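Okay, so here's the structure we're looking at.
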Amino acid sequence: MMQATLFLLLLSLAVGAHSLSPRRCKLTGHWVNDLGSKMKISTVNQDGGFSGSYLTAVTATNNEIKESPLQGSLQRSNAKGQPTFGFTVNWSFSDSITVFTGQCFVDKDGKEVLKTMWLLRSRVDDIEDDWKATRVGINIFTRVQSQK
C-alpha cells in the first residue's frame, strides 16, 4: 500500500511539473510600446522571417505620421521559447530608418513582453552633420488583444 501511495504521489508531481513548464513567447500579433506606438507582426515563416507594420506615436518631423512597413528576422533555434529578433522600419513619412533588436519574454505574471533597443538614422545634408544623424533608445512592448 505504501509503495502504491508513493508511486501515485510521484506520478501526480510529474504531471503537475509538466503543466508548470514556461510559456513560449510568440512574436506574431499586435503590440504597443511604452510611448504608445503600435506594431503588428504577421506570421513568422519557417526561416524566421517576418513582416508587419509600425505606427509611431512620436516623431521629430513636422510631417503627418503614417503607418510604415517593417521587415525582420527571428532567431528560430531558441529552444527556451524566449527568442531574440531584429527588424527594420522604413519610415513612410520621413527620410529615416530605424533598426530594432530585442528579445521576447514571458514575465512572472505570464505576460509577453518585447524588450528592444533601437537605432534611428536620419538623413543629413552634409557629412559634417553626421554626428547628429543617429539616435539610440529603448522600448518595451506589451501584447495588445487582437484589433480589427
Side-chain angles (χ1 to χ4, degrees), residues 9-148:
L9 176 62
L10 290 174
L11 181 62
S12 66
L13 287 173
V15 170
H18 177 70
S19 67
L20 295 176
S21 63
R23 276 189 53 208
R24 300 185 72 76
C25 192
K26 295 182 77 176
L27 200 56
T28 57
H30 292 84
W31 300 88
V32 63
N33 72 17
D34 44 322
L35 299 174
S37 298
K38 298 175 184 175
M39 176 173 61
K40 179 184 177 188
I41 297 178
S42 302
T43 305
V44 178
N45 69 28
Q46 66 185 16
D47 296 325
F50 62 88
S51 62
S53 60
Y54 198 105
L55 183 61
T56 187
V58 296
T59 183
T61 74
N62 292 327
N63 299 342
E64 176 188 353
I65 294 174
K66 296 179 182 174
E67 190 172 71
S68 300
L70 69 81
Q71 293 287 323
S73 185
L74 170 71
Q75 179 51 261
R76 300 293 287 182
S77 64
N78 181 305
K80 297 192 187 284
Q82 299 193 114
T84 57
F85 60 88
F87 63 89
T88 300
V89 178
N90 187 357
W91 300 110
S92 300
F93 59 91
S94 70
D95 290 336
S96 59
I97 198 161
T98 302
V99 293
F100 288 79
T101 186
Q103 188 170 352
C104 189
F105 291 100
V106 177
D107 72 12
K108 64 183 178 202
D109 298 322
K111 248 175 60 177
E112 292 169 297
V113 175
L114 305 180
K115 296 275 292 192
T116 66
M117 177 171 258
W118 53 262
L119 291 172
L120 180 143
R121 176 65 188 211
S122 298
R123 186 190 62 77
V124 291
D125 292 327
D126 191 286
I127 197 168
E128 300 299 321
D129 292 328
D130 185 63
W131 65 271
K132 64 181 179 180
T134 303
R135 297 177 186 184
V136 63
I138 59 170
N139 284 124
I140 300 170
F141 292 83
T142 55
R143 183 172 297 283
V144 176
Q145 295 306 315
S146 195
Q147 300 174 344
K148 304 268 179 188

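Computed from a predicted model, the values in this text were never measured in an experiment.
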Let me confirm one number: the [atom1]-[atom2] distance from [X] to [Y], rounded to the nearest 0.5 Å.
X	Y	atom1	atom2	value
Leu27	Phe141	CG	CZ	10.0 Å
Glu112	Asp107	CD	CG	9.5 Å
Thr43	Phe50	OG1	CZ	12.0 Å
Thr56	Glu67	OG1	CD	12.0 Å
Leu114	Phe100	CG	CZ	10.5 Å
Asn63	Trp91	CG	CH2	13.0 Å

Sequence-distant partners of Asp47, salt bridge (Lys or Arg N to Asp or Glu O under 4.0 Å), two or more places apart: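 Salt bridge (Lys or Arg N to Asp or Glu O under 4.0 Å) list for Asp47, sorted by chain: empty.
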Test salt bridge (Lys or Arg N to Asp or Glu O under 4.0 Å) applied to Asp129 - qualifying residues, sequence neighbours left out: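 Not a single residue meets the salt bridge (Lys or Arg N to Asp or Glu O under 4.0 Å) criterion with Asp129.
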Exercise: identify the closest heavy-atom pair between [X] and [Y]:
X	Y	answer
Ser122	Leu120	OG-CD2, 3.2 Å
Gln82	Val106	OE1-N, 2.7 Å
Ser92	Ser68	N-OG, 2.9 Å

Pairwise side-chain contact, [X] with [Y], heavy-atom cut-off 4.5 Å (strictly under):
X	Y	value
Phe93	Thr59	yes
Lys38	Val144	no
Phe105	Cys25	no
Arg143	Trp31	yes
Trp131	Val124	no

Sequence neighbours excluded, every pair satisfying salt bridge (charged side-chain N to carboxylate O under 4.0 Å, His left out) that has a member inside residues 25-36: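 Output for this query is empty, none listed.
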Verdict with supporting geometry, Asp130 and Lys132, salt bridge (Lys or Arg N to Asp or Glu O under 4.0 Å): CA-CA 5 Å; Asp130 185 63; Lys132 64 181 179 180; over 6 Å; no
